[in-house]
Amino acid sequence: QVQLVESGGGLVLPGGSLRLSCAASGSIFRINAMGWYRQAPGKERELVARITGGGYTNYADSVKGRFTISMDNAKNTVYLQMNSLKAEDTAVYYCDCNANLGGLVPSHYWGQGTQVTVSS
C-alpha cells in the first residue's frame, strides 16, 4: 500500500506564502508523477500543478508565476511553494501520486487533504 501524508496548510493573509509537503511511503517501484489538486466548496476538484519523475511540470493558468512544484526523488516527497496567495486559492489541497508498484499499469494514490485558507 502507498500512503501519502500532507502537511503545510493553514490560514494566511492575501499576498502571503505557504509551502505544502506530501511524502509518499510504501512499496513503490516507480513514481511517474506527483501533483497537487484543490477543491473549493461547490466546485470541482481541479489540477493545480504536476511534476513528472523526469522533472517536467504543468501548472494551472490561475497559479502560473505564483506557485512552484518540486520533488525530492530520494525522499518521494513533492512540495508546492505558494506565493502571492489570493482569496481564490482557498481550498482543500490534495496530493496525488501516480505510481507503479511493480506492474505496467500505474495507479493513483491520494493524500488526506490539507486546508488552505487565504483571508484577511
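Since this is a predicted model, take the numbers as computed values, not measurements.
- Side-chain atoms of Thr90 come within 3.5 Å of backbone N or O of Val118 as a donor-acceptor pair.
- Of all non-hydrogen atoms in Leu20 and Met82, the two that sit nearest each other are CG-CE, 3.7 Å.
- Residues Arg50 and Asp96 are not paired through a salt bridge, judged by the lack of any N-O separation under 4.0 Å between the basic side chain and the carboxylate.
- Interatomic distance, CG of Leu4 versus OG of Ser25, reported as 7.5 Å (0.5 Å rounding).
- Considering all non-hydrogen atoms of both residues, Pro106 and Asn98 come closest at CB-OD1, 3.1 Å.
- Note that OH of Tyr93 is 11.5 Å distant from CD of Glu6, once rounded to the nearest 0.5 Å.
- With sequence neighbours excluded, the residues that form a side-chain contact (heavy atoms from CB on, under 4.5 Å) with Gln39 are Arg45, Tyr94.
- The SG atom of Cys22 lies 4.0 Å from the CE atom of Met34; values are rounded to the nearest 0.5 Å.
- In this structure, Arg38 and Leu80 have side chains that are not in contact, with every pair of non-hydrogen atoms separated by 4.5 Å or more.
- Across Ser120 and Pro14, no two heavy atoms sit closer than the pair N-CD, 3.8 Å.
- If you chain together hydrophobic residues whose side chains sit under 4.5 Å apart, Val12 and Trp36 fall into the same group.
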Name every donor-acceptor pair, under 3.5 Å, that has one atom in a side chain of residues 67-76 and the other anywhere in the protein, sequence neighbours excluded.
unit_1, atom_1, unit_2, atom_2, d
Asp72, OD1, Ala74, N, 3.1
Asp72, OD1, Lys75, N, 3.3

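- Side chains of Ile31 and Val78 form no contact here, defined as non-hydrogen atoms less than 4.5 Å apart.
- At a threshold of 4.5 Å between side-chain heavy atoms, the hydrophobic network of Ile, Leu, Val, Met, Phe, Trp and Tyr places Trp110 and Leu47 in one connected group.
- Atom-to-atom distance recorded for Tyr109:OH and Leu101:CG is 3.5 Å, nearest 0.5 angstrom.
- Ser119 OG to Leu13 CG: the interatomic distance, rounded to the nearest 0.5 Å, is 8.0 Å.
- Note on Tyr37: it does not cluster hydrophobically with Tyr59, by side-chain heavy-atom contacts below 4.5 Å among ILVMFWY residues.
- Grouping the Ile, Leu, Val, Met, Phe, Trp and Tyr side chains by contacts below 4.5 angstrom, directly or via other members, places Val92 apart from Val116.
- The existence of a salt bridge linking Asp89 and Lys86 is excluded, since no basic side-chain nitrogen approaches an acidic carboxylate oxygen closer than 4.0 Å.
- From Gln115, atom CD reaches atom CG of Leu11 across 9.5 Å, with rounding to the nearest 0.5 Å.
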